[in-house]
Amino acid sequence: MAGKKKSKKKKEEDLKQKSLFSYVESSKSEKMGEEEEERTLDEETEELQDISEEFEEDAEMEVEVVQDQIYGEDIIKFKKAKVKSPSEIIPIPQDLFFKGNDKPFGLKEGNIKLEKISRESVTSKYIRYLIQKGEIVQNLERGLLLDVDYDGTQNKAYCKFYDLDTGEVKIWIDTTNHEPYCLSKEPISELKKNKELIGYDGFQRFEEIKRMDLLSDKEIKMTKIYGKTPINIGGSGTNIKNILAGNDKKAWEADIRYHLNYIFDRQLIPGLIYSIENGTIKKVKFKESEDESKKITQELHNLFKDESIEIQEFSEKFLDIFLTPIPDVKRMAMDIEVNIGEHDYRVPDPRQAKQEIISISFVATDGLKRVYILEREGFTYSKPHKNFPADAEVVFYKSEKALLTETFRILWKYPIVITFNGDNFDLNYMFHRADKLKISRDLNPIHVKRGFGILSKAECDLRKGVHIDLFNFFFNRSISGYAFGGAYESSSLNAISDALLGKEKYQHEEEIHEMEYNILSWYNLKDSLLTLELTKFNSSLVWNLIILLCRITKMPIHEMVRRQISTWIQNIFYFEHRRRGFLIPRRAEISELKKGGFKKSVIEGKGFQGAYVISPVPGIHYDVVVMDFASLYPSIIKEYNLSYETVLCPHEDCKDNLLRNTPYHTCTHKMGIFAYVVGFFRDIRVKYFKPKSSDKALSEKQRNYYNTIQQALKVFINGSYGVFGSQNFPLFCLPVAESTTSIGQYSIKQTIKKSEEIGVKVLYGDTDSVFLLNPSKDQMSKLSHWSKQELDLDLEEEKTYQFLALSERKKNYVGIYKDSKYVDIKGLVAKKKNTPDFIKKVFSHLLEILKNVTNNEEFSKAKKEIIEIVRDNLKKIGKSDAFSLEDYAINIALQKSLSGYDKVIPQHVRAALELKKATGKEFQKGETVTFIKTKGGNGAKAIELASLQDIDIKKYKELLRSALEQILDALGISFDEIKGIKKMDAFF
DNA sequence: TTGCTCTGCTTACC
DNA sequence: ACTGGTAAGCAGAGCGC
């Protein structure tokens, strides 16, 4: 137990003030007891944690107690349930069975007759049904805008609003007569000569308009070419874009999907609140009259009063996305279990939907807790599992068709449905399974869309409600990395709920298909409980984050949760272009005008040169202060006015306004679009929401909310530079990326120079930081002031190490914080997740000893101990009583699919292939293979197939040696000296 | 077979 | 549809001896 606790604690430190998670952890204990719901759930987990107790009463289970080698805990493993003789089988009580329900639902409700339209999407049909029923919303007081999409049958955009007064989803169809279009720089008179265009069936009409062309910094006349449908603009096959291209003419803004275009033109902000009056939508202004919001508005106005007019104007326009309170909504989580055959390790294919669905659970914010279970032969009824909540119900079904039909009834009812991996599994599976079971499509609430791109992952939406697949959201690299600070290592429900909620899934040894009803129902319900809880914990932090991200990105919820940072940022900038009447440039326009490439990258094959890493001064250092530039790249982008239109701008008088350390100049007339958008996000976060998030004068709930905003902003601030530097970003501009990093290099190099000038030794630094040897307060403030003055950047004190061990390796060090004594390990092999546990254990042992070192005398003492430990452990490798098989396990992720390895076949791939052959287990891209290094054969064996005798002792000794060498190096201990006793004596 | 270099692959840091 | 570059370290592959 001790070991586990420690690792948790380290994590906390790591994340301090870096993630939402840190906030979660610290606030959890205070909060308990405050909220009724939270408490019951926590109690449940308490009970859950004691699994041993839980199963002592269960006579059918054979319990095996194993000493866990990693944490020294007693882990209980369950053996398969014993096979029962038929006489033991207890029937399910009749009153627990589903009793039938004839009430019509879905499109069957209301006796509406709809004509058939071929190739119509299921959602389009539903919208026709609503139209005929007169249920398209015309009046709505307060609706949270969740989704915007395009309906092919009506050829119009439509919106899904969550009615805050009734908790229902209301669908509204565009009443503004918005039409699909693209732009051309040709005048109408020229375009009229294009017979192909004029004669094209999808062509509608021309309109002369004006746009600001940022690249030339001129307002230009353009022609808006309207098409009949979005497909006529830039779909596949013949369309206006292609007709223009065929005539050597170019189309602008033709590749933007219609519903996004609609959002841009109408300046809709998903996640904000709208009213509808006689079919017309209007944004509901947040109540400025309230004292609190008045105060905040005033504070924010003051904050930006000295900034550029671009930033002031932008902030004016978008303050309400942060200030409008986020309503909590009614929502339901669900999860299904299917009957996977014995020894079948493959994930069932949702499109085939071959296996029967045996259990479905529902948990909702309105208190619903329910499991539908299919009656199957050979399974025994018993009273509910001990931890099964008293307020949850179980309903048994004799037929799978009835079970699924009743599930659909529930799905139509809830406005928001939360799943974990519902896109690729649950919803997808149910949709196809329903077809197989011949359940009418009119009852089926699910809309399966083929995803875009080569991978073409499925996207499952609801015809009426809104589906949020949390897997998608948590899997998002920016969310896991920036918002949650890497708190969870894999994007499994188990890992995420463990990390964020401190709760785990129900652990099971038996296969799902052989679980008794009581186990199955609890297992199934637990998943839904966790899934819903993930959106509810910490005052609905995740839900708030989702809505906030919709507001910032201006993306409909269904799209926001499924796209990555690059699409988010792209959308923000497209929206902003349209808002200000700027023409969205074509990718090629930028790259032809602004070629760049003045310096090669350090690593071959990379697009441009990146950051500078200072060579460390090896050895032991005491009292090392780390100073770093606060969000270096975003600051540079703002302060140096970097944007695709400002860098290498066309103005003659800007040409001598050279950017430091680059051959490029930047604009002196206007602030660039990248610069003011990123600048605004950065400023409002650093100067306002971040301080507010830890302002003790505020209530915890308020701080919580500010923290969520602050984290959401961080996602964009940290992600923006990476996106700007990506060739795939449509506004990519190489000189912008190069200038950002080049100015960064300049800044850190100048800082080293300056430090040395004022007599401070720089020991190390990476990208945006300098490690200073025992600087005085005065020296530090001197540096800070100098940086603000000379570089326009904030250089701040970040942390102090009482002890720092550097080797000659970059990105590798061990330091101990001065105040908290927290051990900060960077880069060392022992920290990597592919390092065997036994090495990590030895390593942490060494660190325990180093923890107390504050001077050289203590250090010599520690040295002796360390040598003993290392020698001792080297001997232990391979001894049967020393380490377990799991201790030797190496975890390596597959970066590609198994078949993608054509050049070399690494160990983990060989192990995976062997396991696949032996058991049929398929490994997907991104999955982690756990294997052991073995003597002979493959050199590697999946842990499932290996035993302790197989391990390659020599290899493991070698691994331990090299892992420890990294730290021993810095401590001035050579490995040979540890091995030889004679030399050891000489050493001391 | 051994030693060496180069490259592929994975994971870390910022 | 897809955020960036820099660095370390292991292991496979190829090659000359």
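Throughout, protein chains are lettered first and strands after them, A, B, ... in sequence-line order, and every chain is numbered starting at 1.
The phosphate of B:dC9 (OP1 or OP2) has a side-chain N or O of A:Lys896 nearer than 4.0 angstrom. Within the 4.0 Å cut-off from OP1 or OP2 of B:dC14, not a single side-chain nitrogen or oxygen of A:Thr767 is found. In terms of phosphate contacts, A:Tyr901 brings a side-chain nitrogen or oxygen within less than 4.0 Å of OP1 or OP2 of B:dT10. Between A:His908 and B:dT10, a side-chain N or O to OP1/OP2 separation shorter than 4.0 Å is present. Listed pair A:Gln966 / C:dG9 meets the phosphate criterion, a side-chain N or O lying under 4.0 Å from OP1 or OP2. When the side-chain nitrogen and oxygen atoms of A:Gln564 are compared with OP1 and OP2 of C:dA1, none of them lie within a distance under 4.0 Å. For A:Gln570 and C:dA1, the shortest distance from a side-chain N or O to OP1 or OP2 is not below 4.0 Å.
Taking only side-chain atoms of A:Tyr721, from C-beta outward, the nucleotide of C:dG5, C:dC10, B:dC9 with the closest atom is C:dG5. When distances are taken from the side chain of A:Phe608 to each of B:dG8, C:dC10, C:dG4, the shortest belongs to C:dG4. Nearest to the side chain of A:Arg910, among C:dT6, C:dG12, C:dA8, sits C:dG12. Side-chain atoms of A:Lys833 lie closest to B:dT11 of the nucleotides B:dC14, C:dG4, B:dT11. Candidate nucleotides B:dT11, C:dT6, C:dA8 were compared by shortest atom distance to the side chain of A:Arg809, and C:dA8 ranks first. Nearest nucleotide to the A:Ile603 side chain, out of B:dC9, B:dT11, C:dT6: C:dT6. Looking at the side chain of A:Ile892, the nearest of the listed nucleotides B:dC14, B:dA12, B:dT10 is B:dT10. Set against C:dT3, C:dC10, B:dC9, the side chain of A:Ser962 has C:dC10 as its closest nucleotide. The side chain of A:Lys810 lies closest to C:dA7 when the candidates are B:dT11, C:dT3, C:dA7. Nearest to the side-chain atoms of A:Tyr813 among the listed nucleotides B:dC14, C:dT6, C:dT3 stands B:dC14.
The distance from atom CG of A:Asn891 to atom C1' of C:dC10 is 16 Å, rounded to the nearest whole Å. Protein atom CG of A:Asn812 is 16 Å distant from nucleotide atom P of B:dT11, rounded to whole Å. Straight-line distance from the NZ atom of A:Lys925 to the C1' atom of B:dT10: 14 Å, rounded to whole Å. What separates CD1 of A:Ile637 from P of C:dT3 is a distance of 16 Å, to the nearest Å. Nucleotide B:dT10 holds its C1' atom 12 Å from the CD1 atom of A:Ile890, rounded to whole Å. Counting to the nearest Å, the C1' atom of C:dT3 and the CD1 atom of A:Ile565 are 7 Å from each other. A:Asp768 has its CG atom 17 Å from the P atom of C:dG5, to the nearest Å. The NZ atom of A:Lys831 sits 16 Å away from the P atom of C:dA8 (whole-angstrom rounding).
Contact annotation for A:Gly610: backbone-only contact, meaning every heavy-atom pair under 4.0 Å involves sugar-phosphate atoms and none involves a base. Using a 4.0 Å heavy-atom criterion, one finds that A:Val723 contacts the bases of the nucleic acid, with or without backbone contacts as well. Counting any heavy atom pair closer than 4.0 Å across all strands shown, A:Asn834 reaches sugar-phosphate atoms only and no base atom. Across all strands shown, A:Ala737 has no heavy atoms under 4.0 Å from either base or sugar-phosphate atoms. Using a 4.0 Å heavy-atom distance criterion, A:Gly719 is classed as a base contact. The residue A:Leu828 sits apart from the nucleic acid: no heavy atom pair falls under 4.0 Å. Backbone-only contact: A:Gly607 has heavy atoms under 4.0 Å from sugar-phosphate atoms and none from a base.
Within the 4.5 Å cutoff, the side chain of A:Tyr482 has no heavy atoms near those of the A:Asn476 side chain.
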Start with the C-alpha gap between A:Ile839 and A:Val829, add the side-chain angles, then the distance that decides, and say whether side-chain contact (heavy atoms from CB on, under 4.5 Å) holds.
-> CA-CA 9 Å; A:Ile839 294 180; A:Val829 171; 5.8 Å; no
Could you walk me through whether A:Phe724 and A:Phe732 pass the ring pair (Phe, Tyr, Trp, His ring centres under 6.0 Å) test, one step at a time?
-> CA-CA 6 Å; A:Phe724 295 161; A:Phe732 174 69; 10.0 Å; no
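With salt bridges taken as basic N to acidic carboxylate O contacts below 4.0 Å, none links A:Arg562 and A:Asp469. A salt bridge links A:Arg563 to A:Glu459: one of the charged nitrogens lies within less than 4.0 Å of a carboxylate oxygen.
When only modelled atom types and interatomic distance are considered, A:Ser643 and A:Glu645 share a side-chain donor-acceptor pair under 3.5 Å.
Judged by closest nucleotide on DNA chain C, A:Asn728 is the one of A:Tyr612 and A:Asn728 placed further toward the 5' end.
Surrounding NZ of A:Lys935 are more than 12 heavy atoms belonging to other residues, nucleotides or ligands, all under 6.0 Å away.
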